[in-house]
Amino acid sequence: MLRPAFALLTLAGALAAAPALAQTAPTPAAPIAAPPPAPPYGQPVTLAQAKVAAAAAEAEARKQGWSMVIVVVEPNGALVFSEKMDGAQYGSNDVARRKAETSASFRRPTAYFQEAVKGGTLNAIFTGALAIDGGELLIVDGKIAGAIGVSGGSGAQDGSVARVAAAALK
């Protein structure tokens with residue numbers, strides 16, 4: 001006989017709390033800062049330029065003791081250069097390529113999408129963007145020549161190596 005009374009008391013408590021819950025407004029997510037205006041696309045990155053950026057990435061990765069995959073693409077995402085350092089994990093081949101393609105296609109670093117997802121905006125990943133730090137634009141003469149993608153470490157490690165590589169072409 002105690003069960004029906006307990007159930008009735010539980011239901012009454014839930015109904016009494018319902019109006020208070022209904023009046024609680026949801027907390028809005030913090031707005032994501034708009035990215036800075038992207039530079040226009042320019043001439044595609046040359047093989048020589050891709051090798052300069054990749055060499056800078058490899059040197060930084062070696063200095064830090066990290067084994068990584070480094071991929072350079074043209075503005076349209078076409079592969080120009082790819083390098084897998086000894087000991088880099090096999091899964092990083094595809095991840096590095098997708099980071100480079102995301103940066104080139106959307107004209108911004110992949111860290112932008114990572115921060116958007118952290119802030120609750122999932123639109124970035126619905127478009128196919130890879131939301132992990134490690135993809136950076138390659139800017140030559142103030143225009144986008146392509147992008148570099150780095151994978152093999154944490155997102156922060158990949159991003160730091162990719163930024164060193166991108167700076168090598170400026």
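- If you chain together hydrophobic residues whose side chains sit under 4.5 Å apart, Leu47 and Ile70 fall into the same group.
- A salt bridge links Glu60 to Lys63: at least one charged side-chain nitrogen sits closer than 4.0 Å to a carboxylate oxygen.
- Not a single donor-acceptor pair under 3.5 Å links the side chain of Lys143 to the backbone N or O of Pro39.
- In plain terms, the two heavy atoms of Gly128 and Arg98 that are nearest each other are O-NH2, 3.6 Å.
- Hydrophobic clustering (ILVMFWY, side-chain heavy atoms < 4.5 Å, transitive): Leu169 and Val161 are in one cluster.
- A donor and an acceptor atom, one from each side chain of Gln49 and Thr46, are located under 3.5 Å apart.
- In this structure, the side-chain hydrogen bond (donor to acceptor under 3.5 Å, both in side chains) partners of Gln89, at least two apart in sequence or on a different chain, are Ser92.
- Pairing each heavy atom of Leu130 with each of Phe113, the nearest pair is O-CB, 4.4 Å.
- The side chain to side chain contact (heavy atoms under 4.5 Å, CB included) test applied to Ser67 returns Ala88, not counting sequence neighbours.
- Linking ILVMFWY residues whenever their side-chain heavy atoms come closer than 4.5 Å, directly or via other members, places Phe81 and Val45 in the same cluster.
- Pro75 and Ala104 make their closest contact through O-CB, 3.5 Å (heavy atoms, listed as atom of the first residue, atom of the second, distance).
- With values rounded to the nearest 0.5 angstrom, Met85 atom CE is found 7.0 Å from Glu83 atom CD.
- We find the CG-CD1 distance between Leu138 and Ile148 to be 6.0 Å, quoted to the nearest 0.5 Å.
- Between the side chain of Asp94 and the main chain of Gly91, no donor-acceptor pair closer than 3.5 Å is present.
- Environment of NZ in Lys84: crowded, with over 12 heavy atoms of neighbouring residues, nucleotides or ligands closer than 6.0 Å.
- Both Val150 and Trp66 belong to a single network of hydrophobic side chains, linked directly or stepwise wherever heavy atoms of I, L, V, M, F, W or Y lie under 4.5 Å apart.
- Between the side chain of Asp133 and the main chain of Ala156, no donor-acceptor pair closer than 3.5 Å is present.
- The nearest pair of heavy atoms linking Ala50 to Val72 is CB-CG1, 3.6 Å.
- Looking only at side-chain heavy atoms (C-beta outward), Leu79 and Val71 come within less than 4.5 Å of each other.
- In the displayed structure, Gln64 atom CD is contacted under 6.0 Å by more than 12 heavy atoms of other residues, nucleotides or ligands.
- Judged by distance alone, with hydrogens and angles left aside, the side-chain atoms of Thr102 form no donor-acceptor pair with the main-chain N or O of Thr110 at under 3.5 Å.
- Taking all atoms of both residues into account, the shortest heavy-atom contact from Ala96 to Ser151 is N-CB, 3.7 Å.
- At least one donor-acceptor pair under 3.5 Å links the side chain of Gln157 to the backbone N or O of Ser154.
- To the nearest 0.5 Å, the span separating OG on Ser82 from CG on Asn93 amounts to 6.0 Å.
- Both Tyr41 and Ile139 are members of a single hydrophobic cluster when ILVMFWY side chains are connected at heavy-atom separations under 4.5 Å.
- Of all heavy-atom pairs spanning Gly152 and Asp158, the tightest one is N-OD1, 3.3 Å.
- Within the 3.5 Å criterion, the main-chain N or O of Ala131 finds no donor-acceptor partner in the side chain of Tyr112.
- Note that Arg108 lies outside the cation-pi zone of Phe106, set by a 6.0 Å cut-off to the ring centre and a 45° limit from the axis.
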